[in-house]
Amino acid sequence: MTTTEITNSQVEAGADARPAPPNGVGVRVSRGTLSAEVVKATAEKHGVCVRPFTMEVGDTETGEIRYVPVPCGSTVESVCLPCARKAKALRQAQCREGWHMTEEPVITRERPSETQTELLEFRADLAAHYRDAIEAGDEVEAEELRAEVASVDEELRASGMTGRLPALDVPEKRPVKRSTKRRQDAPNLPRRKVAKTTVGREYAGKFRPSMFVTLTCDTYGPVRSDGSPVNPSTYDYRRAARDAVHFSALVDRWWQNLRRVVGWDVQYFATVEPQRRAAPHLHTALRGSISHEVIRMVTEATYHQVWWPNHDEIVYTDREPLWDMDSRSFVDPDTREPLPSFDEAREAVEEPAHVVTFGRQVHSKGILGGTEESGRHIGYLTKYLTKSTGEVVDADTAAQRDHHDRLHAELSVTPCSPRCAVWLLYGINPKGANGKTVPGRCKGRAHRRTTLGLPGRRVLVSRKWSGKTVADHKADRKAFVVSALADIGVVKEEPAADRFVWRKVEPGDTHCPPRDHLVMRAIAERITWRAEYGRALLAAQGPPGDDSPETSAIGLRAA
């Protein structure tokens, strides 16, 4: 762009004295760089979180109190570039370690700690008091106990406990069991007993290939090259919206069927991405070799039936159901009769409200571990992990924007779960409804314009993929660096975890330093650490020309 300079005399002379820029030529005024932008750019250069939150740390031995920046942990580059790249690197390491394993992963569970048992005992007491409050009809006390139990559950999760905890409210009726008989319009699948093995078969005594598979949704109508429909009036937006909402359940059923057909516990690392038409599709790495014919057969025979109440016609358009305090449910605004609950409406269902299936496009490919092709597909799997869903499904043309608007309009009236407030538009009380529930307004990801129904989980990893969690892989990288530094005499001591007391900084804390100061301190520490680690790498490389396996391993892990 051509720049037109403005002198001080012209400014003093008034607007008439300013030269009018020619057509298409803008006026650019050069200004200095903001200090915050410089700090952010420097932090990104050295891999330091640009938007950390501050924690107050107290040392129980010395009594010292200091403020520590804790990385935000964002996985989106537009939010925090360093944290997103670290998260992507961890996912790539997780994918690489589990894809072509030659031995069964060993998963060990830690014994319950004393803190966990004490918290669970406290939760049991709270649950007993809650049942007493429900029987006495004391709703205020019951609500306070629910909040207290939720707080205890958060502490249990933070302590490392996984799995489901017993619900406070016991269901009054058992859910209706649906027939598991396969649909007549779906081909049958052979079934085998699933063995516990997860490692693929070895061929010729040295080759153990694995698979890369791509699955897509079915077609809803012809589309152009940009993904917009050729004829929007005939494009099946209702089916597209419902398929997107229930895509995760369909994928789970596909893995179940695949394991039953091949007869062993197939492990997977998968990512969900949107196509140009904004429909979700799945890229997955599977451990072990499976014939292309079996994958296509399983895909064709996999379906998911949605046994929900019918939601084809909206009941309340110009008026909304009202919340009734006496019945603790929503009622019809005219008759004041309570609306049927979700479970009651589902009991009357005789046919599934929707059936989800995959499309005909199925891509499968065998890949050997340790090859360039393997690394390329790992990069392809994790390509969009640092972008938000809204950035991936961004519309560039008017036709795309109109297509996204139509799909979002359909998603806004498509229930996403039994607790979705959209059920009230169809005259059904959703689960967990209360006085704060607004008919038709649900905060679920499926109803957002930026996500267009894509599931919240961008990465799907089976439990026995690498035998490690993301936290375990992060600990491995840290242990490797600590070991490398120890080899050159730099010992990083790890004080006991119970020595420090962590507390969130309250808003308005006058002792807390500004965020930029904390970021600059973290940058200085990172420069020191990198210098130490650089010396460790030089020491590990040995004399020039040393290509020993140990040296090669150090360089690989550092990269």
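Being a predicted model, the structure only gives us computed values, none of them experimental. Both backbone and side-chain heavy atoms feed into the values below; hydrogens, waters and symmetry mates do not.
With respect to Arg146 and Glu143, a salt bridge is recorded, a charged nitrogen being found less than 4.0 Å from a carboxylate O. A salt bridge links Asp402 with Arg406: at least one charged nitrogen is closer than 4.0 Å to a carboxylate oxygen. A salt bridge between Asp265 and Lys196 is absent, with no side-chain N of the basic residue lying under 4.0 Å from a carboxylate O of the acidic one.
Within a 6.0 Å sphere centred on CZ of Arg449, other residues, nucleotides and ligands contribute more than 12 heavy atoms. No more than 12 heavy-atom neighbours from other residues, nucleotides or ligands sit within 6.0 angstrom of CZ on Arg463.
Take Gln361 and apply the side-chain hydrogen bond (donor to acceptor under 3.5 Å, both in side chains) test, not counting sequence neighbours, and it matches no residue.
Listed by first and then second residue, the salt bridge (Lys or Arg N to Asp or Glu O under 4.0 Å) pairs that reach into residues 292-310 come to none, sequence neighbours excluded.
Interatomic distance, Arg51 CZ to Lys40 NZ, rounded to the nearest 0.5 Å: 10.0 Å.
Using a 3.5 Å distance cut-off with no hydrogens or angles, the side chains of Thr115 and Ser113 do not pair a donor with an acceptor. One side chain, Asp226 or Ser228, offers a donor N or O that lies under 3.5 Å from an acceptor on the other.
Judged by distance alone, with hydrogens and angles left aside, the side-chain atoms of Thr335 form no donor-acceptor pair with the main-chain N or O of Asp332 at under 3.5 Å. For Arg238 (side chain) and Asp312 (main-chain N/O), a donor-acceptor pair under 3.5 Å exists by modelled atom type.
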